[in-house]
Participant: 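Input: one structure, supplied below.
Please read all numbers here as calculations on a predicted model, not as lab measurements.
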Amino acid sequence: MTSVQVEEHHDGNEAAAATEGSSGDNEGYQRGLGARQIQMIAIGGAIGTGLFLGAGKAIHKAGPSLILAYAIAGLVIFFIMRALGELLMYRPVSGSFSEYAREFVGPFFGFVTGWTYWLFWVVTGITEVTAAAQYMQYWTHDSIPQWAYALIFTVILYGANLISVKLFGELEFWFSMVKVTAIIGMILICAGILTIGFSDAGDTASVSHLWDNGGFFPNGIGNTLMTLQIVMFAFLAVELVGVTAGESKDPKKTLPKAINTVPWRIAVFYVGALIMILSVVPWTSFQPGVSPFVAAFEKMGLGVGAAIVNFVVLTAALSSCNSGMYSTGRMLRDLALNGQGPKFFTKLTKNGLPLVGTTASAALMLVGVWINYQWPGEAFNYVVSFATISGMWAWIMILVSQINYRRKADRGEVPQSTFKAPGAPYTSWFALAFIGMVIVMMGIDKDARISLYCAPIWAAILCVSYLVLKSRNPDAAAFKKRVHAGQAAPVTKD
């Protein structure tokens, strides 16, 4: 999902993939995901730790105005997804972000995007096991240290990734079904409390909670802006819907449908859920580090419901980490196939699993165990910040690539897409400006600032790595800008 499309390689990589892997038509992988599984995974991908856990801190800081933050950010996400959709309908490729960055921005940016997106999923895995470890404290009350849970979950999920692709898809289908059912169930219960008035919160529940207790912006607009990095983190990985649809047998039908469902998913699962929760329980009742869904059930006097929701959010976190661990192994192999990474990552097991890449990624995720040991109270905030900045790089590259693609298409240098982004390139520029504002807010926030310190270090590592790899194999397709029909091969200087 993050490498240059393998069909461009004529240096023996295709043959190597065929001999190393098992049967399948995608570089040796076994494809066992059906339409039912892909659709539910796509819907479930919009629901994760950012909503289930991160929203607790965001509500505490911004109050009801968090609803507006999610709505505006959701609009920006839709612009990003439509930009990606335009690119995918122009040329569906397994490389997606890094391939478009290489084609329309430059080979170096394709390399950076591929490895940064891999890092994003590694850090996201750390985030999810951290959240899962915190959820376990609901039952054990610190009798078992948080870092121990992070270690246990990392090891278990690593083992789970040694199963077949078909079983993986089935597990993710049911994990996603649990998440979707939980959100819809929560909305219906809150609606029942507001209309019928049952539970302990029945007498006090009111939509007026959205503007009482200090108003809609109880802590000022500034604090609402400071929550944007948490809000954007909640939407990270939604772009995988486009990548999955791009690998479909019929992308002209599945892609537009997948992209165009983004608004209603955001409206229901984020905006709708928060409106209902904050109408039933005042925003002042929520605390950082506690799932607002669990806290809401406790305030309603539905103890059993709180325990059930805690189990749901636990499975949601583990599901996301499981997907991330699965994806990282494939990403490393794709990068290696294109000469952008060590060759030993190209090897597959007899079942078509990238064991070496998955093992390397899982080993790095163990860093999360150390973070949970050193800073159990702040672990989630630290890793969320770094995951946000690395994930947003992919969005930036999608938008810049789409802007450059539209220019070339308007000049007739490349074919026009059949799924144009509405309002582009202005909507793409707006989305870029919004992402820039979020990065500025992260620089102001002392908890999020650490991710900006790490970014230059990661950039330096990638620069050195790119120069080394290019010097060893300067003729590789990964280090050359794509040449379109009718164009002369450009001379690249990066």
Side-chain angles (χ1 to χ4, degrees), residues 45-77 80 120 123-128 130-132 134-135 183 216-239 266 269-271 273-275 277-278 283-284 286-296 313 316-317 320 371 375 377-395 431 434-452 454-455:
I47 311 170
T49 306
L51 175 63
F52 283 129
L53 180 59
K57 178 183 178 180
I59 292 173
H60 179 75
K61 180 177 289 189
S65 63
L66 181 64
I67 298 170
L68 180 61
Y70 271 111
I72 295 175
L75 179 63
V76 172
I77 294 301
I80 295 172
F120 156 69
V123 177
T124 297
I126 295 174
T127 303
E128 300 297 354
T130 297
Q134 290 185 9
Y135 294 148
I183 297 293
F216 190 69
F217 293 92
N219 296 322
I221 297 178
N223 271 307
T224 301
L225 293 175
M226 295 297 286
T227 65
L228 286 178
Q229 65 121 345
I230 297 176
V231 171
M232 295 302 279
F233 170 77
F235 292 127
L236 290 175
V238 69
E239 71 281 347
I266 292 174
F269 297 134
Y270 286 90
V271 178
L274 285 175
I275 288 176
I277 289 176
L278 296 179
W283 71 270
T284 52
F286 299 97
Q287 298 295 325
V290 178
S291 169
F293 293 84
V294 175
V313 297
S320 181
I371 294 175
W375 305 286
E378 296 296 327
F380 183 78
N381 295 332
Y382 288 157
V383 291
V384 161
S385 299
F386 195 76
T388 302
I389 194 68
S390 59
M392 285 195 299
W393 175 260
W395 293 345
F434 186 87
I435 293 174
M437 181 182 66
V438 173
I439 294 175
V440 171
M441 293 297 104
M442 293 176 67
I444 297 174
D445 189 341
K446 61 181 180 62
D447 292 333
R449 199 177 300 153
I450 186 173
S451 64
L452 300 183
C454 296

Participant: If you compare all heavy atoms of N219 against all heavy atoms of H60, which two are closest, and at what distance to 0.1 Å?
Facilitator: ND2-O, 3.6 Å
Participant: Do the non-hydrogen side-chain atoms of M232 and M442 ever get within less than 4.5 Å of each other?
Facilitator: no
Participant: Checking T227 now: which residues fulfil side-chain hydrogen bond (donor to acceptor under 3.5 Å, both in side chains) with it, not counting sequence neighbours?
Facilitator: none
Participant: By side-chain hydrogen bond (donor to acceptor under 3.5 Å, both in side chains), which residues pair with W395, not counting sequence neighbours?
Facilitator: E239
Participant: Over 60° means perpendicular and under 30° means parallel, so tell me whether Y270 and F235 are parallel, tilted or perpendicular.
Facilitator: tilted
Participant: Taking only residues two or more places apart in sequence, or in another chain, which ones meet A295 in a side chain to side chain contact (heavy atoms under 4.5 Å, CB included)?
Facilitator: F286, V290
Participant: Taking only residues two or more places apart in sequence or in another chain, which ones pass side chain to side chain contact (heavy atoms under 4.5 Å, CB included) with I221?
Facilitator: F217, L225
Participant: Looking only at heavy atoms, what is the nearest atom pair of P292 and I277, with distance?
Facilitator: O-CG2, 4.4 Å
Participant: Looking only at heavy atoms, which two atoms of P218 and A62 are closest? And how far apart?
Facilitator: CD-O, 3.5 Å
Participant: Sort and list the pairs that fulfil salt bridge (charged side-chain N to carboxylate O under 4.0 Å, His left out) and have at least one residue in residues 435-444, not counting sequence neighbours.
Facilitator: none
Participant: Return the CZ to CD1 distance between F434 and I439, rounded to the nearest 0.5 Å.
Facilitator: 11.5 Å
Participant: Counting C-beta onward and ignoring hydrogens, is there a side-chain heavy-atom pair between W393 and I389 closer than 4.5 Å?
Facilitator: no
Participant: Rounded at 0.5 Å granularity, tell me how far CH2 in W283 sits from CD1 in I67.
Facilitator: 12.5 Å
Participant: So, taking the atom named CD1 in I80 and the one named CG in L75, what distance separates them when rounded to the nearest 0.5 Å?
Facilitator: 10.0 Å
Participant: Going by side chain to side chain contact (heavy atoms under 4.5 Å, CB included), I59 matches just one of L278, T284, I230. Which one?
Facilitator: L278
Participant: Quick one: list whatever passes side chain to side chain contact (heavy atoms under 4.5 Å, CB included) with D445, sequence neighbours left out.
Facilitator: K61, M226, Q229, D447, A448
Participant: Which pair of non-hydrogen atoms, one from A69 and one from L228, has the smallest distance, and what is that distance?
Facilitator: CB-CD2, 4.2 Å
Participant: How about L68 and T224: do any of their side-chain heavy atoms sit closer than 4.5 Å?
Facilitator: no
